Amino acid sequence: MALLEVSNLQTHFHTRNGVVRAVDGISFAVEKGETLGIVGESGSGKSVTCYSMLGLVPKPPARVSGQAHFDGTDLLHCPPSVLRGIRGKRISIIFQDPMTSLNPYLRIEDQLMEPLRIHEKMDKASARRRAVEALDQVGVPDARNRVRSYPHEFSGGMRQRVMIAMALITGPELLIADEPTTALDVTVQAQIMELIRDLQRQLGMAVILITHDLGVVAGFCERVMVMYAGRIAESAPVDEIFHQPCHPYNLALQQSIPALHHKGEELFTIPGVPPDPGRPIPGCPFAPRCSHVIDACRTTRPGLEPITPRHHSACLRVQQGDLALKPSAHA
């Protein structure tokens, strides 16, 4: 049995201008100890998917439906007290921007101690010792003294390490890392990802990595889920995602990676813009931007179907067998 099983998750925001279908009926699973990467353009529903499972989207305007079973508990329909006991203890999250996620009025030690005091009923002295150990574990120098600092006294990379320490201090079974290396330089990015990998091995936890960076996905994840317009376009093991693409959007994302272009070569860009999630999409949401589109793509909404036992695609032509995509020449 999978650690997390999500079935037909929908998150619709009911606004004055209509219904915004941020997440439009997706299903996936995460096994114990597995690393799942979720990729896609901004607005594709990556973060909202995970926030919805943990009850972190405002209701109203959001309406969340479906099922999200975590170790037998449906996160979407369990009592709030049960969800609070899981969130921050068994499931932790690293938010995108540590500066806005950390409370500027509280010292680092107070924010690190809070989950221990709430979930493990730990006394203040013991919680403070664990806070120092956690900062030391994530590579913050002079942790015993720095734990008394405020967030603004840390650099961006150090604040990100504090967020990781806070997320892992209770030893979660599932870590959701929402673009954990945003706005960090390449060297610090590598350090942060290696740190998460090391701690994952130590704790045996599963990781959901939300990112735009396909390079990070290639080196870190075991399985990848490509999202577009609130739906899953493709899902497969990481090697197959890159070497056997089964959706034009996945292929276009790979062709857009700047590092895979030769020096002086014109960079590839995906034409057009993502569809408006506030308007109904009758067919494939990627059809207006797709170079392989046919008339049926504009009127038929393709479901996520298996191409091989572990590789699923929502491309109508790939499902019908009349389109075979070749991986990027530079991949």
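Just so you know, residue 1 is the first one in the sequence shown, and it goes up from there. Being a predicted model, the structure only gives us computed values, none of them experimental.
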How many angstroms lie between atom CG of L54 and atom CG of L174, to the nearest 0.5 angstrom?
-> 8.0 Å

Hey, does Q254 have a side-chain heavy atom less than 4.5 Å from the side chain of P245?
-> yes

Give the ring-plane orientation class for Y228 versus F286, where under 30° counts as parallel, over 60° as perpendicular and anything between as tilted.
-> perpendicular

State, yes or no, whether a side-chain contact exists between P180 and M193 at a heavy-atom distance under 4.5 Å.
-> yes

With sequence neighbours left out, write down each residue that passes side-chain contact (heavy atoms from CB on, under 4.5 Å) with R63, or none if nothing qualifies.
-> H14

For E5, does the CD atom have more than 12 heavy-atom neighbours from other residues, nucleotides or ligands under 6.0 Å away?
-> yes

Is it true that a side-chain atom of N250 and a backbone atom of I241 form a donor plus acceptor pair closer than 3.5 Å?
-> yes

Taking only residues two or more places apart in sequence or in another chain, which ones pass ring-ring contact (aromatic ring centres under 6.0 Å, His included) with F70?
-> none

Under 3.5 Å, is there a donor-acceptor pair between the side chain of S92 and the main chain of I176?
-> no

Output for pair (L116 CG, R129 CZ), nearest 0.5 Å, gives 11.5 Å

What distance do R84 atom CZ and I86 atom CD1 have between them, rounded to the nearest 0.5 Å?
-> 12.0 Å

Checking side-chain hydrogen bond (donor to acceptor under 3.5 Å, both in side chains) for the pair S47/D178: CA distance, chi angles, key distance, verdict?
-> CA-CA 7 Å; S47 298; D178 188 2; 3.0 Å; yes

Linking I/L/V/M/F/W/Y whenever their side-chain heavy atoms sit closer than 4.5 Å, directly or via other members, would I93 and I118 fall into one cluster?
-> no

Is a donor on one side and an acceptor on the other found under 3.5 Å between the side chain of S313 and the backbone of C246?
-> yes

Does the pair R146/E153 count as a salt bridge with the N-to-O cut at 4.0 Å?
-> no

Co-membership, hydrophobic cluster, residues V293 and L325, 4.5 Å side-chain | no

Between D110 and R107, is there a side-chain N and carboxylate O pair less than 4.0 Å apart?
-> no

Indicate yes or no: at least one non-hydrogen side-chain atom of F28 is less than 4.5 angstrom from one of S235.
-> no

Would you say the side chain of L135 lies within less than 4.5 Å of the side chain of V162, judging by non-hydrogen atoms?
-> yes

With side-chain contact (heavy atoms from CB on, under 4.5 Å) as the test, would you mind laying out the steps for S42 and H212 before giving the verdict?
-> CA-CA 8 Å; S42 296; H212 295 279; 3.3 Å; yes

State, to 0.1 Å, how close P275 and I281 come at their nearest heavy-atom pair, and which atoms those are.
-> CG-CD1, 3.8 Å

Do the non-hydrogen side-chain atoms of R231 and R301 ever get within less than 4.5 Å of each other?
-> yes

Ion pair R148/E109, N-O distance below 4.0 Å | yes

Nearest heavy-atom pair of A131 and M113: which atoms, and what distance?
-> CB-CG, 4.2 Å

Are V57 and V20 linked, directly or through other ILVMFWY residues, by side chains that come within less than 4.5 angstrom of each other?
-> yes

d(L199 CG, M205 CE) to nearest 0.5 Å is 6.0 Å

Below 4.5 Å, heavy atoms only, C-beta onward: do V140 and F154 meet side chain to side chain?
-> yes

Decide, yes or no, whether a salt bridge links D136 with R144 under the criterion of side-chain N to carboxylate O below 4.0 Å.
-> no

M166 versus P115, closest heavy-atom pair with distance | O-CG, 4.5 Å

Verify, without hydrogens or angle tests, whether Q319 (side chain) and G303 (backbone) share a donor-acceptor contact under 3.5 angstrom.
-> yes

When you measure from the side chain of Q10 to the backbone N and O of S65, does any donor-acceptor pair fall under 3.5 Å?
-> no

N/O donor-acceptor pair under 3.5 Å between S126 side chain and M122 backbone | no

Which atoms form the tightest heavy-atom contact between D213 and G215, and what is the distance?
-> OD1-N, 2.8 Å

Does any non-hydrogen side-chain atom of I164 lie less than 4.5 Å from one of L195?
-> yes

Could you give all pairs that pass the salt bridge (Lys or Arg N to Asp or Glu O under 4.0 Å) test and reach residues 287-296, with sequence neighbours left out?
-> E41-R289

Evaluate the side-chain contact (heavy atoms from CB on, under 4.5 Å) criterion for residues L102 and R159: first the C-alpha distance (whole Å), next the side-chain angles of each, then the deciding distance (0.1 Å), finally the verdict.
-> CA-CA 8 Å; L102 295 171; R159 285 196 295 268; 4.3 Å; yes

Audit row: R317, I294, side-chain contact (heavy atoms from CB on, under 4.5 Å) steps and yes/no = CA-CA 8 Å; R317 295 192 62 191; I294 59 176; 3.8 Å; yes

What distance do H311 atom NE2 and E305 atom CD have between them, rounded to the nearest 0.5 Å?
-> 13.0 Å

Rounded to the nearest 0.5 Å, what's the gap from CG on L209 to CD1 on I196? Could you check?
-> 7.0 Å

Going only through I, L, V, M, F, W and Y residues with side-chain contacts under 4.5 Å, is there a path from V226 to F268?
-> yes

Do you reckon V48 sits in the same ILVMFWY cluster as L56, going by side-chain contacts under 4.5 Å, direct or chained?
-> yes

Does the side chain of T35 come within less than 4.5 Å of Q200's, by heavy atoms?
-> yes

Heavy-atom closest pair, residues L75 and M53 | CB-O, 3.3 Å

Side chain of K46, backbone of G40: donor and acceptor closer than 3.5 Å?
-> yes

Please confirm whether the backbone N or O of R87 pairs with a side-chain atom of H119, one donor and one acceptor, at under 3.5 Å?
-> yes

Test: R223 and E31 ion pair at under 4.0 Å = no

Test item: R130 side-chain N/O and I169 main-chain N/O as donor-acceptor pair under 3.5 Å | yes

Minimum heavy-atom distance between Q160 and E179, given as atom pair plus value | NE2-O, 4.4 Å

Pair E114 + R117: basic N to acidic O under 4.0 Å | no

What's the verdict on side-chain hydrogen bond (donor to acceptor under 3.5 Å, both in side chains) for Q67 and H77, showing C-alpha distance, side-chain angles and the deciding distance?
-> CA-CA 8 Å; Q67 295 179 324; H77 299 98; 5.7 Å; no

